Amino acid sequence: QVQLVESGGGLVQAGGSLRLSCATSGLIFSAYAMGWFRRAPGKEREFVASITRNSINTYYTDSLKGRFTISRDNAKNTVYLQMNSLKPEDTAVYYCAAGSDARNIQHGAGYWGQGTQVTVSS
């Protein structure tokens, strides 16, 4: 059974930082591109970042580049999202996903986690 479990969310003041983790099991982690998405209540799911199998390439939504950094540790089957300079508009449930292509992961991913809540106060 494939499982993706996010952690690290919480309440933080504007300007603060959080690091999210997504631990995976039941899949050959190094064979998958990984990504992060977020969804605020009443809004569509939004692509945040993705990373290739070997960490050589990363992709970001332009508005988040420079504040958010995606990374992975294949030895630990875990992908991370470092979030700095957080803003109230970053408040959302954050999800990790596994797919075949980091460039196209926003169009369809095979596996999803249940999400972790991030709340940024002003």
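Values in this document were obtained by computation on a predicted structure and should not be read as measured data.
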| said: Does Glu89, at its CD atom, have more than 12 non-hydrogen atoms belonging to other residues, nucleotides or ligands within less than 6.0 Å? | reply: yes

With the 4.5 Å side-chain cut-off for hydrophobic clustering, are [X] and [Y] part of the same group?
X: Leu11; Y: Tyr94; value: no
X: Tyr95; Y: Ile105; value: yes
X: Val118; Y: Met34; value: yes
X: Tyr111; Y: Val93; value: no
X: Tyr80; Y: Ile70; value: no

| Step-by-step side-chain contact (heavy atoms from CB on, under 4.5 Å) determination, Asp90 to Arg67 | CA-CA 11 Å; Asp90 295 320; Arg67 293 197 299 122; 2.8 Å; yes

Would the distance check show the side chain of [X] and the main-chain N or O of [Y] forming a donor-acceptor pair, the cut-off being under 3.5 Å?
X: Glu46; Y: Arg38; result: no
X: Ser50; Y: Gly35; result: no
X: Thr91; Y: Thr119; result: no

| Heavy-atom closest pair, residues Tyr32 and Ala98 | CD2-CB, 4.0 Å

| message | For Ala92 versus Gln117, what's the shortest heavy-atom pair and its separation? | response | O-NE2, 3.5 Å

| query | How would you list, by chain and number, every residue that makes a salt bridge (Lys or Arg N to Asp or Glu O under 4.0 Å) with Arg39, sequence neighbours excluded? | reply | none

Please table the atom pairs, donor to acceptor, closer than 3.5 Å between any side-chain atom in residues 12-28 and protein atoms at least two apart or in another chain.
unit_1	atom_1	unit_2	atom_2	d
Ser17	OG	Asn84	OD1	2.9
Thr24	OG1	Asn77	O	2.9

| message | Let's go through Val48 and Leu81 carefully: what are the C-alpha distance in whole Å and the side-chain angles of both, what is the deciding distance for side-chain contact (heavy atoms from CB on, under 4.5 Å) to 0.1 Å, and is it a yes or a no? | response | CA-CA 9 Å; Val48 174; Leu81 184 69; 4.1 Å; yes

| task | With sequence neighbours excluded, give me every ring-ring contact (aromatic ring centres under 6.0 Å, His included) pair touching residues 34-77. | result | Phe37-Phe47, Phe37-Trp112

| field | Gap between atom CD of Gln1 and atom CD of Gln3 - 0.5 Å precision | value | 6.5 Å

| Atom pair OG (Ser121) and CG (Leu86), whose distance is rounded to the nearest 0.5 Å | 10.0 Å

| field | Stacked cation flag Arg72 on Phe29, 6.0 angstrom / 45 deg | value | yes

| With Asp62, which residues qualify under side chain to side chain donor-acceptor pair (under 3.5 Å), at least two apart? | none

| By side chain to side chain donor-acceptor pair (under 3.5 Å) - contacts of Arg53 (at least two apart) | none

| task | Hey, could you give me each pair passing disulfide (SG to SG under 2.5 Å) that has a residue in residues 34-84? Not counting sequence neighbours. | result | none

| request: Give the C-alpha distance, both sets of side-chain angles, the deciding distance and a yes or no for side-chain contact (heavy atoms from CB on, under 4.5 Å) between Arg103 and Thr52. | output: CA-CA 8 Å; Arg103 285 188 182 89; Thr52 55; over 6 Å; no

